[in-house]
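Working notes, beginning with the structure itself.
Chain letters run A, B, ... following the sequence lines, proteins first and then strands; every chain starts at 1.
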Amino acid sequence: MSKPIQTAIKPTREEDYPEWYQQVIKASDLAEKSVVRGCMVIKPWGYALWENIMRGMDAMFKATGVKNAYFPLFIPLSFLEKEAAHVEGFAKECAVVTHHRLEKGPSGGLVPAGALAEPLVVRPTSETIIGESFARWISSYRDLPVLINQWANVMRWEMRTRLFLRTAEFLWQEGHTAHETAQEAQEETLRMLGVYASFAEDFLAVPVIQGRKTESEKFPGADTTYAIEAMMQDRKALQAGTSHNLGQNFARAFDVKFLGRDNQLQHCWTTSWGVSTRLIGALIMAHSDDEGLVLPPRVAPTLAAIVPIFKTDEEKERVLAYCRELAGALCGAERLAAAEKRDAGRELLTVFTDEAACQKVVLDMREGRAVEKHYHWEQRGVPFRLEVGPRDVDKSAFVLKTRFDGSKTFHEKGCASPGWLREQADQVQARMLERARTFREENTVVVESYDEMKAALAQGGFVRCWFREDPEVEARIKEETKATVRVIPFEQPGGTGKCVVTSRETSEQAIFALAY
RNA sequence: CGGGGCGUAGCGCAGCCUGGUAGCGCGCCUGCUUUGGGAGCAGGAUGUCGGAGGUUCAAAUCCUCUCGCCCCGACCA
């Protein structure tokens with residue numbers, strides 16, 4: 001009598017991880033591939049998630065004194081040429097605008113006309129155009145620091161793309177700051193890396209390792225790049241955010257100078273830091289399962305879905321009335337009243353639990369079988385489902401299904417309250433982080449030799465070892481194992497050891513892994 | 001940018017070799033039965049066969065050109 005095991009997502013993670021990833025995105029309705037090569041359409045559910053990420057992170061930026069601004073999409077070609085390493089890094093993936101008009105061509109179609117005197121590059125990142133502004137804004141140490149962030153789209157003409165992880169156009173934020181001293185710039189670089197780490201862990205429930213990138217992995221034009229690195233369920237690494245100490249490189253290229261306290265004209269010290277919609281990819285791959293998306297409560301656009309179950313009209317009336325009461329208990333009577341007014345006649349009743357965080361409880365009154373609705377919300381990763389049938393109404397109870405662990409618990413209706421819901425959410429949030437952290441720890445090994453390292457990398461996961469930084473050695477390791485140094489963690493055991501590849505003395509351990 | 005593949009209904013595909021009424025599955029629509037974990041029956045709608053040219057009485061099918069996409073390699077938040 002046992003039913004064949006059927007998962008919502010086919011193939012499963014086990015069977016074909018990359019394909020599973022695509023299918024989760026499709027099933028959860030987050031995004032789809034656009035007709036435009038390499039670009040994606042972020043659908044309302046996916047965008048709501050991004051909005052929650054923006055909201056949470058933006059507040060954290062502002063708490064450190066950063067202000068938002070906006071710079072042009074187009075960058076004069078000559079700007080990009082000013083910093084040698086920067087050009088080198090981005091030249092191969094730039095979209096270039098050369099014309100400003102369309103005319104009817106000989107065959108009836110439209111052809112570009114009106115060639116620009118200087119081509120414009122669609123920003124792959126904005127250090128250059130912001131550098132130009134900073135040069136005009138800053139003249140004295142009294143103008144410093146300048147702490148700017150912009151939420152924007154950028155374009156990098158990628159060869160191979162994957163939704164959220166690597167698309168030609170993507171959404172991100174880029175922070176750009178200018179400082180009086182090297183030390184302040186360094187502090188800022190690390191402060192923002194810390195913000196990213198907190199956000200990843202507190203909001204996304206994705207544990208990350210903070211550390212420094214090697215020379216060969218750093219941002220084109222930076223002195224030093226720092227990153228937060230996360231482990232996905234296939235045990236590959238994903239760089240989830242970066243923060244760069246740009247030294248005086250861009251200040252020199254764009255002549256960003258200030259008159260110092262010593263009355264000497266000198267170049268600023270600048271930083272830049274960013275996270276992108278890739279965070280959504282991290283979220284998906286860190287938590288989701290073979291039934292679909294799993295969202296951490298803190299960023300889930302809908303916190304809970306109430307699914308009524310009934311057969312007869314009489315039952316329907318009783319159950320729906322009961323569900324409304326439940327929604328009112330969870331969200332508050334005023335909010336329920338506001339929702340009833342706004343959504344009158346609609347099949348979904350959306351009640352806010354927290355307008356500021358844009359979180360909602362949904363009562364799903366659509367026609368159709370209850371099971372279909374369960375799957376609907378399950379695939380979309382909604383953290384909680386409250387299932388209510390006639391039997392629950394009779395007992396004045398409800399069934400709570402928790403998305404992340406699939407658990408099913410019974411509750412008295414009387415316990416439903418805003419505080420109770422928040423409590424449930426906080427618990428799940430904490431347990432999701434804990435589960436992800438445990439997974440990462442279980443898949444991290446410390447190795448003592450290159451042979452051990454190769455064996456460990458073949459198994460997957462993070463490999464930690466003494467490593468003396470050397471681009472040639474890194475290239476060789478990549479050649480032989482496909483793995484790269486993900487990060488040189490801030491957390492070090494102390495003391496020294498012998499590099500696993502070269503046996504040279506070193507004070508640093510590195511983390512190697514296959515990466516996205 | 002090198003090597004391979006694919007364009008036929010919203011999605012996934014068959015048909016092409018050997019030219020002759022445009023097909024299947026899923027989804028969608030309508031109705032009834034269902035409804036506490038992936039429903040059943042009945043009926044229905046949907047196509048410039050990627051585009052252009054050619055061969056032919058006749059082209060999804062053969063020929064030429066073209067466009068787009070996907071996969072595999074070097075680079076990447």
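If you take atom P in B:C32 and the same atom in B:C71, they sit 45 Å apart, rounded to whole Å. Separation of the P atoms belonging to B:G25 and B:U35 is 27 Å when rounded to the nearest angstrom. Using C1' as the reference atom, B:A77 and B:G2 are 27 Å apart when rounded to the nearest Å. Straight-line distance between the C1' atoms of B:C41 and B:U56: roughly 47 Å, to the nearest whole Å. Using atom C1' as the reference point in both B:A9 and B:G5, the two lie 23 Å apart (nearest Å). The P atoms of B:C70 and B:U8 are separated by 14 Å, rounded to the nearest whole Å. Across B:G19 and B:A60, the matching C1' atoms stand 10 Å from one another, rounded to whole Å. Taking atom P on both nucleotides, B:G10 is separated from B:G68 by 22 Å, rounded to a whole Å.
Residue A:Leu165 is classed as a base contact, given a heavy-atom separation below 4.0 Å to a base. Across all strands, A:Arg162 comes closer than 4.0 Å to no nucleic acid atom at all (heavy-atom distances). Base contact: A:Glu158 has a heavy atom under 4.0 Å from a base atom. A:Gly368 comes within 4.0 angstrom of a base, heavy atoms only. Residue-level contact check: A:Gly389 touches the bases, meaning some heavy atom is under 4.0 Å from a base atom. Here A:Ala8 lies in heavy-atom contact (under 4.0 Å) with a base. Among the atoms of the strands shown, base atoms are found under 4.0 Å from some heavy atom of A:Thr167. Base engagement by A:Glu291 is indicated by at least one non-hydrogen atom pair under 4.0 Å involving a base atom. Contacts of A:Val399 with the nucleic acid, taken as non-hydrogen atoms under 4.0 Å apart, include base atoms. At the heavy-atom level, A:Glu32 lies nowhere under 4.0 Å from the strands shown. Across all strands, A:Arg37 comes closer than 4.0 Å only to sugar-phosphate atoms, never to a base (heavy-atom distances).
Contact annotation: A:Arg160 side-chain N/O to B:A74 OP1/OP2 distance is not under 4.0 Å.
Here the rule is side chain to side chain donor-acceptor pair (under 3.5 Å) with A:His244, and of A:Thr225, A:Asp223, A:Thr224, A:Thr189 only A:Thr225 fits it. For the side chain to side chain donor-acceptor pair (under 3.5 Å) with A:Arg13, the lone residue among A:Asp289, A:Thr7, A:Asp290, A:Asp234 that qualifies is A:Asp290.
Both geometric conditions, a ring-centre gap below 5.5 Å and a plane tilt below 30°, are not fulfilled together for A:Trp172 over the base of B:A77. Aromatic stacking is not marked for A:Tyr375 over B:G37, as the cut-offs of 5.5 Å for the centres and 30° for the planes do not both hold.
Taking only side-chain atoms of A:Lys33, from C-beta outward, the nucleotide of B:G38, B:A77, B:C70 with the closest atom is B:C70. Set against B:G36, B:G37, B:A77, the side chain of A:Asp392 has B:G36 as its closest nucleotide.
Atom-to-atom, CE of A:Met40 to P of B:C69 comes out at 17 Å; the value is rounded to the nearest Å. Rounded to a whole Å, the CZ atom of A:Arg385 is 13 Å from the P atom of B:G36. One interatomic measurement links the two molecules: CE of A:Met159 to P of B:C69, which rounds to 12 Å at whole-angstrom precision. B:A77 atom C1' lies 18 Å from atom NZ of A:Lys218, rounded to whole Å. Between the CG atom of A:Asn153 and the P atom of B:A77 there is a distance of 18 Å, given to the nearest Å. Taking atom NZ on A:Lys482 and atom C1' on B:C72, their separation rounds to 12 Å, with Å as the unit.
A centroid separation of 6.0 Å or more is found between the aromatic rings of A:Trp50 and A:Phe164.
Counted by atom type alone, A:Glu127 and A:Thr125 present one or more donor-acceptor pairs between their side chains at under 3.5 Å.
Between the side chain of A:Glu315 and the backbone N or O of A:Lys311 there is at least one donor-acceptor pair closer than 3.5 Å.
Between A:Tyr17 and A:Trp20, the ring planes are tilted. Angles from 30° to 60° get that label.
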Could you pull out the protein-nucleic contacts involving nucleotides 39-46 of chain B (nitrogen or oxygen on both sides, under 3.5 Å)?
from  : atom 1 : to       : atom 2 : distance (Å)
B:A39 : OP1    : A:Glu372 : OE2    : 3.3
B:A39 : OP2    : A:Arg369 : NE     : 3.3
B:A39 : OP2    : A:Arg369 : NH2    : 2.2

- Message: Applying side-chain hydrogen bond (donor to acceptor under 3.5 Å, both in side chains) to A:Thr177 and A:Thr271, what does each step give before you reach the verdict?
- Response: CA-CA 5 Å; A:Thr177 69; A:Thr271 80; 2.5 Å; yes
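The local environment of CD in A:Glu317 is sparse, with at most 12 non-hydrogen atoms from other residues, nucleotides or ligands closer than 6.0 Å.
We find that A:Lys408 and A:Glu387 are not joined by a salt bridge, their nearest charged nitrogen and carboxylate oxygen being 4.0 Å or further apart.
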